[in-house]
Peer 1: 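Structure provided below as structure tokens; questions to follow.
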Number of protein chains: 2
Amino acid sequence: MSEQMKMTDPAPSWQDVLIELRKIIRATDLQSKRVVKSCGLTIPQVMVLRAIKQLGDVTVKRISDAVSLSQATVTTIMNRLEERQLVERIRSNTDRRIVNARLTVSGDQVLETVPPLLHEAFIHRFESLESLQQQHIFSSLQQVAGMMDAESLDAAPLLDIAAPTRERTDK
Amino acid sequence: MSEQMKMTDPAPSWQDVLIELRKIIRATDLQSKRVVKSCGLTIPQVMVLRAIKQLGDVTVKRISDAVSLSQATVTTIMNRLEERQLVERIRSNTDRRIVNARLTVSGDQVLETVPPLLHEAFIHRFESLESLQQQHIFSSLQQVAGMMDAESLDAAPLLDIAAPTRERTDK
DNA sequence: TAATAATAGTTTGAGTTCTAAATATTAGAA
DNA sequence: TTCTAATATTTAGAACTCAAACTATTATTA
């Protein structure tokens, strides 16, 4: 760990940050295409399926919170999943506004066949890093996500976000 | 500000990483909508415009390299920009396969009015971090982008794995 | 010269993603 | 009861995004 890096590394501008974010977004997209080829589902579709499996019968709203997508997006994804009969929609009896999502048997089976959502090489690389290093990276991602978060952006201009905020209301 | 990483933080799994990436992608998307409202252009459109301004008359291919988007995507973005007469397409005389993009006067003007592509609060936060901290974050993003990069994934240098070789019975 | 390959861009088709508007339902108040 | 507000979800509309197929053009070769 050298601290000599400074002269070759001037403080990065947010422009540089933007470029790296673009690369990450693109790579994620490309991986999604790979996953589609391998199992017929996109990454968001898998994430929704997994959320349903994990949470049991859930509303669209809870799913959208869990996977960080808007309600509308979850609905369109659900439409496709329902077409393929991987999930069912079940209206609540007590409150008929509510729609609960439930995995079908084949939905559950399909989940078994899904490859990792990040390239295996990525996972391998990531997991072969030292734990401390992993935490650094993860914490940086959390910080970036936190700094970009719309709600906190409106709410707290000068929040101390240096510390990854856990313990929110999450589930 | 050193003690916040409690030891209740076990090594993060790649699943956790994926969630953070989602948040970042979503936040970027939301910011794009904000930018649209403010200046009528999306972030990718601005990025293409800037690349053209920066590089002078450029081919679609060079733009797509510069902004990390596929050629096809750049084409569709160019279509919209051309409709609004922010860019022109100019076929090369020497090689008529080649199309050069050029900013129009109004394209150049519009660029002046574009707000920052990351939320100002984000920029402010990021820039108020210590330089070392900025570098940490930036370098983490670079690492993630690098680990995810498709080409390097194929090359996969540090793979001496007992990788689960999945057998492919079909397709 | 004609056939073939290589290159540059565009179109097509499928999917994701958002906001805003629309729909349906429930709960509370006049 | 009926009106209104709040809640849960869906639809409509617009962009982005990619791979793959397609068009047009240039270069190479027989």
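Below, read A as the first sequence line, B as the second, and so on, with proteins coming before strands; counting in each chain starts at 1.
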Peer 1: Quick check: do A:L117 and A:T28 have side-chain heavy atoms less than 4.5 Å from each other?
Peer 2: no
Peer 1: Please report, rounded to the nearest Å, how far the P atom of D:dA14 is from the CZ atom of B:R34.
Peer 2: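 From B:R34 CZ to D:dA14 P: 22 Å.
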Peer 1: For the atom pair CD1 (B:I123) and CZ (B:R125), what is the distance rounded to the nearest 0.5 Å?
Peer 2: 12.0 Å
Peer 1: Working to the nearest 0.5 Å, report the span between CD1 of B:I137 and CE of A:M147.
Peer 2: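 CE of A:M147 is found 4.0 Å from CD1 of B:I137.
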Peer 1: So, applying side-chain contact (heavy atoms from CB on, under 4.5 Å) with A:L49, which one of A:I63, A:V87, A:I77, A:V114 is it?
Peer 2: A:V87
Peer 1: Any residue in residues 53-71 of chain B with a heavy atom nearer than 4.0 angstrom to DNA chain D? Just list them by number, or reply none.
Peer 2: B:L69, B:S70
Peer 1: State which residues pass side-chain contact (heavy atoms from CB on, under 4.5 Å) with A:E88; sequence neighbours excluded, sorted by chain then number.
Peer 2: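 In terms of side-chain contact (heavy atoms from CB on, under 4.5 Å), with neighbours along the sequence ignored, A:E88 is linked to A:I90, A:R102, A:T104.
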Peer 1: Would you jot down, in residue-number order, the residues of residues 40-48 of chain A having a non-hydrogen atom under 4.0 Å from DNA chain C?
Peer 2: A:T42, A:P44, A:Q45
Peer 1: Flag the pair A:R80 and A:E83 as a salt bridge only when some basic side-chain nitrogen lies within less than 4.0 angstrom of an acidic carboxylate oxygen.
Peer 2: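 Answer for the salt bridge query: no.
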Peer 1: Does a donor on one side chain and an acceptor on the other come within less than 3.5 Å for A:N100 and A:R62?
Peer 2: no
Peer 1: Rounded to whole angstroms, how far apart are CG on B:L81 and P on D:dA15?
Peer 2: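 Going from B:L81 (CG) to D:dA15 (P), I get 11 Å.
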Peer 1: If you measure from CG on A:L86 to CD1 on A:I52, what distance do you get to the nearest 0.5 Å?
Peer 2: 9.5 Å
Peer 1: Just checking A:Q85: does its CD atom have more than 12 heavy atoms from other residues, nucleotides or ligands closer to it than 6.0 angstrom?
Peer 2: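 Not buried by this count: 12 neighbours or fewer within 6.0 Å.
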Peer 1: Nearest nucleotide by nearest heavy atom, which residue falls closer to the 5' end of DNA chain C, A:K33 or A:I77?
Peer 2: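 Comparing both residues, the 5'-ward one is A:K33.
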Peer 1: Starting at the 5' end of nucleotides 20-29 of chain D, put B wherever the base has a protein heavy atom under 4.0 Å, S where only the sugar-phosphate does, and a dash everywhere else.
Peer 2: S---BBS---
Peer 1: Tell me what A:R26 touches on the nucleic acid: a base, only sugar-phosphate, or nothing, going by heavy atoms under 4.0 Å.
Peer 2: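 Contact class for A:R26: sugar-phosphate only.
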Peer 1: Can you tell me how far CD of A:Q45 sits from OG of A:S32, rounded to the nearest 0.5 angstrom?
Peer 2: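 Spacing of OG (A:S32) from CD (A:Q45) equals 8.0 Å.
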Peer 1: Hey, is B:E120 close enough to B:R34 for a salt bridge, meaning N to O under 4.0 Å?
Peer 2: no
Peer 1: How many angstroms lie between OG in B:S140 and CD in A:Q133, if you round to the nearest 0.5 Å?
Peer 2: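 If I round to the nearest 0.5 Å, the distance is 7.0 Å.
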Peer 1: Going by the rule side-chain hydrogen bond (donor to acceptor under 3.5 Å, both in side chains), which residues pair with B:T42 if we only count those two or more places apart in sequence or in a different chain?
Peer 2: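 side-chain hydrogen bond (donor to acceptor under 3.5 Å, both in side chains) check on B:T42 returns nothing, list empty.
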Peer 1: Roughly, in whole Å, what's the span from CG in A:D29 to C1' in D:dA19?
Peer 2: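 Atom CG in A:D29 sits about 12 Å away from atom C1' in D:dA19.
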Peer 1: Reading DNA chain C in the 5' to 3' direction, which nucleotide is the first one with an atom under 4.0 Å from a heavy atom of chain A, and which is the last?
Peer 2: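 Footprint of chain A along DNA chain C, 5' to 3': C:dG15 to C:dT26.
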